[in-house]
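Read the structure below first, then the notes.
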Amino acid sequence: MSFQALPGFRDFYPEEMALRRHVEAAWHAAAKAAGFEEVEGPPLESLELLKAKSGEAIVEELYAFTDKGGREVALRAELTPTVGRMIAARAAALRKPVKWYATPQLFRYQRQQRGRLREHIQWNVDIFGASEIGSDAELLAVALDALRRLGLTEKEVKVRVSHRGVMAERVRTRFGADAVESTLRLIDKGELTPAQAAELLVAFDVAAIPELDGLYAACEDLGVEGFLEFDPRIVRGLAYYTGLVWEIFDRGEKLRAVAGGGRYDMLIERLGGPQMPALGFGMGDVVLTELLRDTGKLPPGPPKIDVLVVPIGEEMLAPARQVVRRLRLAGERAEAPYSPMKVGKAFQLAESSGARRVVLVGPDEWRLGKVKVKDLRSREESVREVDKL
RNA sequence: GUGGGUGUAGCUCAGCUGGUUAGAGCACCAGAUUGUGGAUCUGGGGGUCGCGGGUUCAAAUCCCGUCACUCACCCCA
C-alpha cells in the first residue's frame, strides 16, 4: 500500500517550502512597508457566511460538510467573507481606514489544472473605510511592490484595469438592466460578439472614466503607472465588485491572472455590517510561482548552515557537540555529524550545506583547548582557542 | 461533472513493428595508502514498467477497465 497527497493538494519538500517562504516573505514585506496589519481567521467557516457573500452556486465548489454538531460548514475558498465578518463585528471600534492583510490557505473543490489546484496560499490585502482614489492606487501599488521584491518588473508583468461600475452602467443603458450580469460575464470571458463589443467599447477610454484618470495620476506618484494598461474587458467574474477592477498578468499572457482585485463597496453591508467602502485583492502562490519559474526569477537555495563542525574520531563526538553548542549560542547556524566523518567527506558535506566555515575538532588540538577553523572561501586555516570562535 | 493527452528508478527520459536476467544521465551511498574541497575514476543500493483484468507460447510494448497526473470546458482564487 502506498499513499500520496490527495488530488490537487501539495507536499512541500524543503525546496518547495523554501520557495514558498521566499514568496511569502515578499508579501509580508510589501504589506508591512505600506502599513498593513496582519490578521487571520478560521479555515473552517459556516456555509451560510460563504453563501451570503458568493451565492448559492458556490456550494458546488466548496469542501462542504455537516460537522458532528450538525452545523453546515465548509473550508474557506476565499478570505473575504471572513475578513468582512470580522470588520462588520467591530466596525464602530476600528479606526478608519482599516488596512489588513493575511496569507491564508484556501480550498476549492474543483478539478485541477495548470495554475489552479484544490488548495493554495493566497495573499489577501484589503482596505476598509476608504473611498478616495488614493486607496485604490495604494492597494495596487502594494501588489506590485511584492512582485518587484520578487524580481518582477514592467518587463514581466502588467496590470489590466477597468471599472466594473461604469461598464455595468454602459451595458444597462444599451441593453437594459436585465442584460447586465449576463453581458458582464460574456465580457469577462471575452465572448462578446464583434458587434456587441463595438457597441460597448467604442470611444471608451481612460478619459471617459474619472476614477481611472485619478488612478493613473495617483499611480504615477507611487511610481507604478508603467504597469497599467486600460482594458475594458476586465470586469472580474464576481458580481460584488462595484468600482475599479484590475488583474495582474504576465506580459506574455501565457498564465492565468497572477492577482486580481478591485472595489466592492457593498460587501460589508451585505455581511450584516454598516455601509462601509471596501477594496482589496488576492494573489495566489501557484500562478506566481509558475511565473517566477518561467521568468528565471527563482532564488538560489538558501544555505542550510553557517558552520560545519567535524569530529575527527569517535572520541571527538562529545567535544564537537560542545563546539556546536558554543556556536549556536553565538547565533550561528551550526551542526555536527552524529558519527565521525572522514575529513574529505566532511568538506564535501560542508560545500553542499552552504557552510562558510569548517571547524575541525581533532584530538591533538583539543588537548590544548583548541580547534582548527577553515574558511571555505579564502581557504585560510587557523588554529584557535575554543573560547574565541 | 465533460472531453483530449500522458503514466518505465527519487528526478529527466530511452526501450523499433510483442521475444531471455528492463537501461542511461542526474541524484543518493561506499571506496580510490585511515586529518582537507562541489572534479575524476570504480563499485553499490534502488523499479510488482501506476493498478486490475484480457489476448498470446511470450506483454513495459496490443485491448478493456480503473486510478493518478496533465491540458481544455465549466467556474473562478
Side-chain angles (χ1 to χ4, degrees), chain A residues 1-11 13-16 50 53-63 75-82 102-125 185 188-189 191 235-241 247-248 254-262 280-288 290 301 303 308 310-314 316 340-366 371-383:
Chain A
M1 196 66 199
S2 69
F3 297 98
Q4 59 180 313
L6 288 170
F9 286 78
R10 297 171 289 175
D11 292 324
Y13 284 85
E15 194 176 312
E16 288 98 41
L50 304 183
K53 189 250 174 188
S54 304
E56 199 73 36
I58 190 80
V59 179
E60 292 302 312
E61 293 158 17
L62 293 174
Y63 273 92
L75 289 171
R76 61 189 175 190
E78 53 183 337
L79 193 68
T80 306
T82 298
T103 56
Q105 185 173 31
L106 306 179
F107 306 88
R108 183 148 263 187
Y109 197 83
Q110 286 267 262
R111 178 162 293 189
Q112 63 171 319
Q113 50 188 288
R114 182 166 196 205
R116 206 168 154 204
L117 308 173
R118 288 182 164 179
E119 152 272 317
H120 73 146
I121 315 285
Q122 188 196 63
W123 183 34
N124 194 272
V125 182
R185 179 156 301 179
D188 183 46
K189 291 160 70 173
E191 289 177 1
V235 293
R236 305 288 288 152
L238 296 172
Y240 61 80
Y241 285 97
E247 296 181 353
I248 300 180
K254 296 286 181 195
L255 303 172
R256 294 169 175 280
V258 174
F281 72 84
M283 181 184 292
D285 72 311
V286 179
V287 175
L288 178 54
E290 283 174 1
L308 182 69
V310 184
I312 298 172
E314 196 80 28
M316 288 298 107
M341 182 174 271
K342 290 186 177 178
V343 176
K345 189 64 66 183
F347 272 89
Q348 288 179 15
L349 179 63
E351 293 281 4
S352 61
S353 304
R356 304 176 69 162
R357 287 185 296 154
V358 168
V359 173
L360 295 174
V361 183
D364 299 343
E365 295 89 347
W366 188 253
V371 292
K372 202 177 272 188
V373 180
K374 182 157 184 178
D375 185 298
L376 288 175
R377 285 190 187 167
S378 64
R379 295 182 176 246
E380 282 169 14
E381 193 170 277
S382 60
V383 175

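Residue numbers begin at 1 in each chain, while the letters A, B, ... track the order of the sequences.
- Using P as the reference atom, B:U12 and B:C71 are 14 Å apart when rounded to the nearest Å.
- Rounded to whole Å, the distance from CD on A:Glu290 to C1' on B:C71 is 12 Å.
- Using a 4.0 Å heavy-atom cutoff across all strands shown, A:Glu365 reaches at least one base atom of the nucleic acid.
- Summarising the geometry of A:Pro7 relative to A:Gln112, their closest heavy-atom pair is C-NE2, 4.1 Å, with the distance given to 0.1 Å.
- Within the 4.0 angstrom heavy-atom criterion, no nucleotide atom of any strand lies near A:Asp285.
- Rounded to whole angstrom, the span from the OH atom of A:Tyr241 across to the C1' atom of B:C76 amounts to 11 Å.
- Not counting sequence neighbours, A:Arg118 has no partner by the side-chain hydrogen bond (donor to acceptor under 3.5 Å, both in side chains) test.
- Within the 4.0 angstrom heavy-atom criterion, base atoms lie near A:Asp364.
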N/O contacts under 3.5 Å, protein versus nucleotides 66-70 of chain B?
unit_1: B:C69; atom_1: OP1; unit_2: A:Gln112; atom_2: NE2; d: 3.2
unit_1: B:U70; atom_1: OP2; unit_2: A:Gln112; atom_2: OE1; d: 2.6
unit_1: B:U70; atom_1: OP2; unit_2: A:Gln112; atom_2: NE2; d: 2.8

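- Remark: A:Arg10 CZ is packed, more than 12 non-hydrogen atoms of other residues, nucleotides or ligands lying under 6.0 Å away.
- Residues A:Gln348 and A:Val361 each lie close to RNA chain B; by heavy-atom proximity, the contact nearer the 5' end of the strand is made by A:Val361.
- Residue A:Asp375 comes nearest to A:Arg357 through the heavy atom pair CA-CG, 4.3 Å, listed as atom of the first residue, atom of the second, then distance.
- Across all strands, A:Leu106 comes closer than 4.0 Å to no nucleic acid atom at all (heavy-atom distances).
- In terms of modelled atom types and a separation under 3.5 Å, the side chain of A:Arg379 and the main chain of A:Lys374 share no donor-acceptor contact.
- At a threshold of 4.0 angstrom between heavy atoms, the contacts of A:Lys342 are confined to the sugar-phosphate backbone, with no base atom among them.
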Residue pair A:Tyr109, A:Leu62: steps toward the side-chain contact (heavy atoms from CB on, under 4.5 Å) verdict:
CA-CA 5 Å; A:Tyr109 197 83; A:Leu62 293 174; 6.0 Å; no

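- Here the nucleotide nearest the side chain of A:Glu61, chosen from B:C75, B:G38, B:U36, is B:C75.
- As a whole-Å value, the separation of A:Glu15 CD from B:A27 C1' is 12 Å.
- A gap of 27 Å separates the C1' atoms of B:G35 and B:G44, to the nearest Å.
- A 6.0 Å sphere centred on OH of A:Tyr63 holds more than 12 heavy atoms belonging to other residues, nucleotides or ligands.
- Comparing the C1' positions of B:G47 and B:C57 gives a spacing of 26 Å, expressed to the nearest Å.
- For A:Arg116 against B:C71, no side-chain N or O and base N or O form a donor-acceptor pair under 3.5 Å.
- Residues A:Ile312 and A:Tyr109 both approach RNA chain B. Their nearest nucleotides, taken by heavy-atom distance, put A:Tyr109 toward the 5′ side.
- Separation of the C1' atoms belonging to B:A59 and B:G52 is 15 Å when rounded to the nearest angstrom.
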Watson-Crick and G-U pairing of RNA chain B, under 3.5 Å, as dot-bracket with | and [ ]
(((((((..((((.....[...)))).(((((.......))))).....(((((..]....))))))))))))....

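- The nearest whole Å value for the distance from the CZ atom in A:Arg108 to the C1' atom in B:C76 is 6 Å.
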Could you walk me through whether A:Arg256 and A:Gln113 pass side-chain contact (heavy atoms from CB on, under 4.5 Å), step by step?
CA-CA 11 Å; A:Arg256 294 169 175 280; A:Gln113 50 188 288; 2.5 Å; yes

When you look at A:Leu376 and A:Phe347, which way does the side-chain contact (heavy atoms from CB on, under 4.5 Å) test go after all the steps?
CA-CA 9 Å; A:Leu376 288 175; A:Phe347 272 89; 3.7 Å; yes

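- The distance from atom CE of A:Met341 to atom P of B:U34 is 17 Å, rounded to the nearest whole Å.
- Note on A:Gln122: only backbone sugar-phosphate atoms sit closer than 4.0 angstrom, heavy atoms only; bases stay farther off.
- The minimum heavy-atom distance linking A:Pro363 with A:Ile312 is given by the pair CD-O, 3.7 Å.
- Of the possible polar contacts, one joining the A:Glu16 side chain to the A:Tyr13 backbone as a donor-acceptor pair under 3.5 Å is found.
- Heavy atoms of A:Pro363 sit under 4.0 angstrom from at least one base atom.
- B:C64 and B:G45 have their C1' atoms separated by 37 Å, given to the nearest Å.
- Residue contacts shown for A:Leu376 include a base, since a base heavy atom lies under 4.0 Å away.
- Nucleotides B:U33 and B:U42 have their P atoms positioned 16 Å apart, rounded to a whole Å.
- Between the NZ atom of A:Lys372 and the C1' atom of B:G35 there is a distance of 7 Å, given to the nearest Å.
- If you take atom P in B:A9 and the same atom in B:C74, they sit 35 Å apart, rounded to whole Å.
- Taking atom NZ of A:Lys345 as the reference point, atom C1' of B:A32 lies 11 Å away to the nearest angstrom.
- Distance, A:Leu349 CG to B:A30 P: 10 Å, rounded to whole Å.
- Across B:G53 and B:U6, the matching P atoms stand 24 Å from one another, rounded to whole Å.
- The shortest distance between side-chain heavy atoms of A:His120 and A:Leu106 falls below 4.5 Å.
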